[in-house]
Amino acid sequence: MLRTGLIGRSILASRSPWLHEQEAAAQGIELAYELFDFTDREWDDSALGRLLDRLAAEGYAGVNITFPFKQAVIPLLDELADCARLVGAVNTVAMRDGRKIGYNTDKTGFETSLAEGLPGAALDRVLQLGAGGAGAAVANALLSAGTGTVMIADLDLARAENLAALLSGHFGPGRAVACRMDRLDTSVVDGIVNTTPMGMATNPAPAIAVDLIAPRHWVADIVYFPLETELLRAARLRGCRTLDGSGMVIGQAARAFEIFTERRADRHRMRASFSRH
Ligand code: NAD
């Protein structure tokens with residue numbers, strides 16, 4: 001039996017157990033995916049290191065990591081894969097012979113979703129809303145996918161500036177710039193990506209005034225509950241090409257499954273499982 005799981009806070013509604021267990025069952029692999037919800041179990045954040053050590057010692061194949069631990073987990077690991085070092089965040093930990101190796105599969109998840117969901121999208125300039133953990137992965141994916149310049153806006157301007165500086169350091173000067181939320185200029189961009197939590201069922205209002213969206217823009221959201229956020233709905237009604245957050249969830253889960261099991265995941269089958277849940 002392969003043992004895996006997800007570590008985070010307020011994660012009891014996660015679809016990850018379903019996605020991983022369905023794919024494992026389809027491949028004839030016995031796999032259990034447990035939720036380690038620090039809020040539900042009333043654990044302090046400081047218990048993260050002990051939990052990881054225990055799971056590694058008990059022979060877990062690995063775990064996914066989510067809010068608020070994607071950065072906090074880094075110093076607790078033995079090794080970081082290039083994808084995690086690049087993004088500065090870990091959402092998947094492989095456990096091998098007691099060693100803990102950190103990966104980031106959010107980046108490739110978004111990259112695959114963009115390539116498959118919006119093929120041929122213009123990428124000269126893209127406006128990204130949000131510079132948090134997921135935003136770091138998405139901005140890296142946009143630049144890896146060939147975006148000329150990513151303009152990053154966040155309510156916390158310093159966060160946007162720090163991310164832009166990190167990205168420009170890696171991808172080249174000017175490839176990422178920070179901009180203020182109250183001075184967004186969408187006339188110069190091809191596409192708009194939301195990586196803020198705005199649009200979630202609990203927070204439905206879009207992070208950007210929808211009259212800044214024009215039919216020539218493509219619009220992507222990484223929020224996936226609901227699948228069609230108010231931002232995407234407004235964009236669709238204007239005739240824009242849109243991309244919802246499901247491709248990124250499925251892509252990150254598929255890659256994590258491959259890291260845990262060392263077997264190929266069938267992304268089409270995982271999409272079908274996602275739709276059934
Ligand atoms: P986070 O808290 O690390 O970052 C969110 C950022 O958004 C913060 O920097 C915050 O200042 C900024 N922000 C919040 N409201 C804003 C607003 N109105 N305008 C501008 N900036 C604003 O969160 P995160 O881990 O980056 O996750 C963000 C969202 O992405 C969550 O809703 C999560 O569900 C979603 N997500 C989706 C996937 C996927 O696979 N589709 C993966 C990871 C995260």
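Read the numbers this way: they start at 1 and go in the same order the structure lists the ligands and their atoms. Residue numbers run from 1 in the order of the sequence given.
- In this structure, Phe69 has its ring center closer than 6.0 angstrom to the ring center of Phe38.
- Using a 4.5 Å cut-off on side-chain heavy atoms (C-beta onward), Pro204 and Thr229 make no contact.
- Scanning all protein heavy atoms for the shortest distance to atom 24 (P) of ligand 1 gives Ala134 N, 3.7 Å.
- Nearest protein heavy-atom neighbour of atom 4 (O) of ligand 1: Gly132 CA, 3.2 Å.
- When only non-hydrogen protein atoms are considered, atom 14 (C) of ligand 1 lies nearest to Pro197 CD, 3.6 Å.
- Proximity annotation for atom 39 (C) of ligand 1: of Gln128, Met248, Met181, Met248 comes nearest, heavy atoms only.
- Here the protein heavy atom with the shortest distance to atom 8 (C) of ligand 1 is Arg159 NH1, 3.2 Å.
- For the side chain to side chain contact (heavy atoms under 4.5 Å, CB included) criterion with Gln128, the lone passing option out of Val150, Asp154, Val189, Thr147 is Val150.
- Ranking protein heavy atoms by distance to atom 28 (C) of ligand 1, first place goes to Thr195 O, 3.3 Å.
- Using a 4.0 Å cut-off between charged nitrogen and carboxylate oxygen, Arg9 and Asp40 do not count as a salt-bridge pair.
- Met200 SD, 3.1 Å is the protein heavy atom nearest to atom 32 (O) of ligand 1.
- Electrostatic pairing of Arg85 and Asp82 counts as a salt bridge here, judged by a charged N lying under 4.0 Å from a carboxylate O.
- Taking the charged nitrogens against the carboxylate oxygens, Arg96 and Glu79 have no contact shorter than 4.0 Å, which rules out a salt bridge.
- Checked against a 3.5 angstrom limit, the closest N/O atoms of Gly245 and ligand 1 fall inside it.
- Ion pairing of Glu230 with Arg233 is absent here, as no side-chain N (NZ or NE/NH1/NH2) approaches a carboxylate O to less than 4.0 Å.
- Listed by number with element, the atoms of ligand 1 under 4.0 Å from a non-hydrogen atom of Met198 are 15 (N), 17 (C), 18 (N).
- The nearest protein atom to atom 23 (O) of ligand 1, hydrogens excluded, is given as Gly133 N, 4.6 Å; this is a heavy-atom distance.
- Nearest non-hydrogen protein atom to atom 36 (N) of ligand 1 is Ile222 CD1, 3.6 Å.
- In this structure a side-chain-to-backbone donor-acceptor pair under 3.5 Å is missing from Arg3 to Tyr33.
- With Asp154, Leu155, Val249, Asp156 as candidates, the residue nearest to atom 11 (O) of ligand 1 on a non-hydrogen basis is Asp154.
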